[in-house]
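This report concerns only the one structure given below.
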Amino acid sequence: MTSTVDTVRELTYAEAIREALAQAMEADERVFLFGEDVGIYGGAFGVTGDLVHRFGTERVRDTPISELGIVGAAVGAALAGMRPIVEIQFSDFTAQAMDQIANQAAKIHFMLGGAAEVPMVLRAPGGSGTGAAAQHSQSLEAWFAHVPGLKVVMPATVADAKGLLLAAIDDPNPVVVLEHKLLYKQSGQVPADSGRVPLGEAAIRREGTDLTMVATGVMVSRALEAADQLAADGISATVVDPRTLKPLDSGSIVDAVVATGRALLVQEAPRSGGFMAEVAALIGDSPAFGYLRAPIRRLCGLDVPIPYAPQLERAAVPQVPDIVAEATRLVREW
Amino acid sequence: MDLTKDAEAAQSALRTMWTIRRFEEAVDDLFGRGLMHGTMHLSIGQEAVPTGACLALADGDYITSTHRGHGHCIAKGAKLDRMMAELLAKETGYCRGRGGSMHIADVATGNLGANGIVAGGVPIAAGAGLAVRMRRQPHAVLSFFGDGAVNEGAWHEGVNLAAIWDLPVVFVCENNHYGMSMAVNKAFRVERLAERAKAYGIPGVTVDGNDPQAVHDAVAEAVERARAGRGPSLIEAVTYRWKGHSKSDKNLYRSREEIDSWRERDPITLFEAAVLGSGTLAEAELERCRDEARDAVRDAIRTANAAPDAAADELASAVYAGGPS
């Protein structure tokens, strides 16, 4: 992906997603959006914004509160030649739609012996930090990553919010894009062109020598902030952002761990059965095992539902000081 | 189309019903002899529904089907040898052995697939209808489901979306009286499942599902309405499943007398009597339809048996479209 400097603008994460949606709809008349309040309301988090005025109510289609119906209709529309993009207001609500996601969308291509494709994108915000409590704050990526047939994307930067979404829309498979609500208002540099960020390529956000932190979603920026503080204390950290969990760029993760000999895996989701357990196993199974100077450590959300009170909510998921402390222990004690 | 007066239509309907009957009997037999793997849901006794319904469809129209879907596939024009090959776990099967009985689809004939999840195909049909509408195509979408589906959330959500957007979808309920063992009169407070249509502001009718003419007429009217942009309809076709739900069924929830009373209303026997009585077809022509169906099923078994077994070597790369991930 190449962009000249003058085509790079500062956008928010939400604006970057909206730009990707608009570019995809301009480029391909089969692409359309639907979901709850995506039209005149502009989306619960304002992501779709004014798109209904630009593309009309047929292609930016408001739906009833009907997650299972919406995702099922997306599957049917995809089978019949369209490229639907569904917005589910909170990723927690995908539980309402799980049959169509896990049993239908994910499996149809395989079950039918390759005779059909389901090119659809499901966008949904996850994550805590907004005081929305246990049914509006989960990090459910492990659910989706455990279902063969789904691709799972977690954009952690503003540029990736656009580039990964464009790649997801191009993909002939169902792709779950888990956005993070705390990132929607974050600003960053975004190329104006329609450059894709390929699914399955991790980003090395920072290179260091003492440990490798692998982080997803909002934990990428927390890991980077922690890395700045660690640097002041003489600890040099690599930060790897996998960007897509399915397919996973295992090579980049393994290489980064080989180079530093220590691995700290950071996720917002609860520890048990979380995706970083998969990353830990991947490292343990790989040639990186022989380079490890310390145990592989995970820093995860607690195994609790996300609580409401702000101090409780903060305590439930890793914060920057937690990452700094854990990384320091890992380097100093091993 | 008058199936009992038009000789060509009558033969087509009869051949389809016999083909479904013989196909299901062959599957039952192969299964019983241990020559077929897995589990099967047979539609013997219900042949008039897919036959009457699909005669009202045109090329380009879509269907979604169910776990009891062999009849829908056959009536929509699927190739028997590829269906049988799928059930016999062959590489030449519709799904290359990856789907089996509950996932046979034939996208080329508009069959978007059987479905192992009750009501799973209903919102998918609404979505296919949405695609047809957005692509300005003249097609209709017909969604088959059983009585059990009508109490699933997916059914309500799918029917509602089709209703509010006036999508070209025809919802066909095969009410065969039981969801596995759960009797319809215990699972519903409404007398007729078609009454549920009122809740979505669409037409709903109940027809004799053992009469292909009655099914055809109701579906033809609903398809015309759908193509004209006037939205979906619900048709309840009342029929009966002769065989058990699947191989585990001991028929503990119904009586021998009840099954026998429905066998006396065999849709094929009744239709043959009607076309003979009206003078549309002679006995020899009936015999030819039966023979053609029997021979087609035998050929399908022979062809399928000769095919190579489904191969495991490409399994891991078969999950994602566009190559391995």
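Below, all heavy atoms of this structure are taken into account, side chains as well, without hydrogens, waters or symmetry copies. The sequence lines fix the lettering, A, B, ..., with proteins before strands; numbering per chain opens at 1. For clarity, every value in this text was computed on a predicted model and none was experimentally measured.
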By a 4.5 Å heavy-atom criterion (distance strictly below it), what part of [X] contacts chain A: side chain, backbone, both, or neither?
X: B:Trp165; result: side chain
X: B:Leu315; result: both
X: B:Asn160; result: side chain
X: B:Ala318; result: both

How long is the straight-line distance from NE2 of B:His156 back to CG of A:Leu68, given to the nearest 0.5 Å?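 Output value for this atom pair is 11.5 Å.
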Heavy-atom distances under 4.5 Å only: say whether [X] touches chain B with side chain, backbone, both or neither.
X: A:Arg30; value: neither
X: A:Leu199; value: neither
X: A:Glu67; value: backbone

Quick one: which residues of residues 58-66 of chain B reach chain A at under 4.5 angstrom, heavy atoms only?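 Counting heavy atoms that sit under 4.5 Å from chain A, the residues of residues 58-66 of chain B involved are B:Tyr62.
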Just jot down the salt bridge (Lys or Arg N to Asp or Glu O under 4.0 Å) partners of A:Arg54, sequence neighbours excluded, or say none.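 Salt bridge (Lys or Arg N to Asp or Glu O under 4.0 Å) list for A:Arg54, sorted by chain: A:Glu26.
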Contact leader toward chain A among B:Arg135, B:Met134, B:Gln137, where contacts are heavy-atom pairs under 4.5 Å: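 Heavy-atom pair counts peak at B:Met134.
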Could B:Arg136 and A:Glu58 be called an ion pair, given the rule that one side-chain N must be under 4.0 Å from one carboxylate O?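 A:Glu58 and B:Arg136: salt-bridged.
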